[in-house]
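Report on the structure given below.
Each chain gets a letter, A, B and so on, in the order the sequences are listed, and its residues count up from 1.
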Amino acid sequence: MEGGGFAGLVKTTEADAGELAPADAERLRTLVAETGLFDLVPPDSGAALPDVQSYEITVEDGGRRNTVVLGERDLSPGVRALLDWVGSVPGHHQAMG
Amino acid sequence: MIDRHACHILPQVVLLEAADRNESLREAAVNTLAASASTRTQRVALTEMVQLLGAQAARIGELTPAGGLNTVYDVRHGSWDDLPGVRVRGAGEPPVDDVAVNEAFDNAAKTRDFYSDVLKRDSIDDAGMELVSSVHFDNDFDNAFWNGAQMVYGDGSGTFLAKGSLTRDLCVVGHELTHGVVQFTAGLRYSKQSGALNESFADALGSTVKQWAANETAAQADWLVGKGILGSEMKGVALRSMKAPGTAFEGDRQPGSMRDYVDLPDDNNPRNDHGGVHINSGIPNKAFYLAATRLGEYTWQHAGPIWYDALVNSLRPNSQFKDAAEATIASAAKLYGVGQDAEKAVRAAWEEVGVL
C-alpha cells in the first residue's frame, strides 16, 4: 500500500502466489527472499519531504508475516524491483484506498 | 540512510560553519562546494543536508553551480539513488526527441519566469539556483515530487494517473517548484496544519503560474489542480478543486471549511498522509480562491503577491491555519493599504472557510 504522493491518493497492490502462474509464484518467493523483508527493520526516515510517497509493505508466507513502512528514499533496489514486479504480474490486484 | 553519507555531509557543514565567521573564507568555501555539486553523490548528500540542517536549509542553494539555470535529466526508470540521471537538456539548448524532457524544461522555465517577473524572486532560493528536473522516474510511477534539491517526475501508470501527464501540466510543475520555494522561505513543517499549508501554498502559487501563463482572470480560471491527469480508473476532472474542494474526482476527501476538517494522525501510516496534508489543504485553498475572485482581475496582481509576501516574511515552520490567515491579512494591508479592499477581502475569505 502506498500513499502521500502529489495526488493525495492511496493505492493498494496485492499478489498472492496461490493465484499466480507456477513460474510467477516461484519468482515472487525468490524476489521476496532476496529483499530480506521478513526480517527488515526500517531505518528512521527523517523529516517528511513534500509529495514523497511512503510504502506499507506486508509479506506473508505460511506462519511468517512482517509489515514495514518505507519511504521512497529507503527502498532498496531489491524492494523496488519487487514492488514493480508485483504491480505488473498477471493475476495481481490493484485498488484505490 | 543518513549514516551512509555522513562522510560527505559533515565536512560541508563544518565548512559552512567556518565560513560563517569569515567573509572571504565563506566565499572560498562556497566555491569549493559548488565545484562538484552537480555530481550524483553530492546531490544525494545535499538532499540529506536539507533534513539535517533544518532551518539552515536555505544554504543549500549556495552550493549549486552557476551557469546552467534549468537542466533536465533522464533517470531512465531508476530510483532515488540513481538521481538525477543522465543530463539531456540544459538552458539555451534546443528541444530533444523526448516529450517529457521538453515539457519539464519548458514548464520549469515558465515557473521561473513567473517568480522572476511577477514576484521578483530569482529562482527557488532567490539567489539564481539551478532548476534540476529528472523525468522517467521508476516504472509507470504515479507521482511527482520535490526531493529537497530537485524535481522528480514519473511517467504515470495510465490507470491512476494518465501516462505522460505529470510533466504536461504547468500547475503540477509550478506546485513542485513552489515546494522548493517554501523550503527556502517559511520552511513549513510537512505535518498536519503546517503541512497542509505547505501543500496549499504549492497549489495556490502553482495555479497562479498557470493563470499567468494563460493570461486568465481569476473569474475565467478553472481553479483545478491536475486537470486532465487522471487515469482510466479514476472518475473526475482533476486531482483537486480550489473553488469547490471535495468535488474534483470520485473519492476526493478535501474539505472546504473548518467545519469539515479531517483530523488525522501523523503516524507514519501512509494512509494518513502526514496528518492529512493533501486533504485539509482544501481549506486554505478555498480561502485563496475566495480572496482572488473577490479581489478581481488577475490572481497574480493581488492574491498571489499577498500570499507570497506572507510566505516569505511572516510564516514559520510551525505556522497553523490561523497564523496564515493573520499573515495574509497583514500582507494585504502592507501591500495595498490598511483598511482597504484587499485587506477586507482576505479577511472575509478566511472567515468564510471558518479559520477566523
Quick one: pull up [atom1] in [X] and [atom2] in [Y] and give me the separation to the nearest 0.5 Å.
X      : Y      : atom1 : atom2 : value
B/N198 : A/L49  : CG    : CG    : 10.0 Å
A/E72  : B/N147 : CD    : CG    : 10.0 Å
A/K11  : B/D142 : NZ    : CG    : 4.0 Å

Are there over 12 heavy-atom neighbours, none belonging to A/E14, within less than 6.0 Å of that residue's CD? no
Counting only heavy atoms not in B/K227, do more than 12 sit closer than 6.0 Å to its NZ atom?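 Check fails, neighbour count at 12 or below.
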Would you sort out whether B/R271 and A/M1 count as a side-chain contact (heavy atoms from CB on, under 4.5 Å), showing the intermediate values? CA-CA 8 Å; B/R271 292 173 193 84; A/M1 190 273 304; 3.3 Å; yes
Where does A/V10 contact chain B at under 4.5 Å (heavy atoms): side chain, backbone, both or neither? side chain
Selection from [options] maximising heavy-atom pairs under 4.5 Å formed with chain A:
options                : result
B/F160, B/W146, B/F145 : B/F160
B/E233, B/E176, B/Q254 : B/E176
B/V277, B/D273, B/N268 : B/N268

Side chain, backbone, both or neither: which part of [X] has a non-hydrogen atom closer than 4.5 Å to chain A?
X      : value
B/N269 : side chain
B/E199 : side chain
B/V172 : both
B/L230 : neither

What heavy-atom pair brings [X] and [Y] nearest, and what distance separates the two atoms?
X      : Y      : result
B/L239 : A/A7   : CD2-CB, 3.5 Å
B/F141 : A/Q53  : CE1-NE2, 3.8 Å
B/S79  : A/R80  : CB-CD, 3.7 Å
B/R240 : A/F6   : NH1-O, 3.0 Å
A/V52  : B/H274 : O-NE2, 4.5 Å

Considering only heavy atoms from C-beta outward, does the side chain of B/P270 approach that of A/V69 to under 4.5 Å? yes
Taking the side chain as every heavy atom from C-beta outward, state whether A/L9 and B/M234 have any atom pair closer than 4.5 Å. yes
Backbone of A/D51 reached by a side-chain donor or acceptor of B/Y190 within 3.5 Å: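 Yes; judged by distance alone, with no hydrogens or angles, the pair exists.
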Does A/G5 offer a backbone N or O that forms a donor-acceptor pair with the side chain of B/H278 under 3.5 Å? yes
For chain B, which residues from residues 21-41 of chain A lie under 4.5 Å away (heavy-atom distances)? none
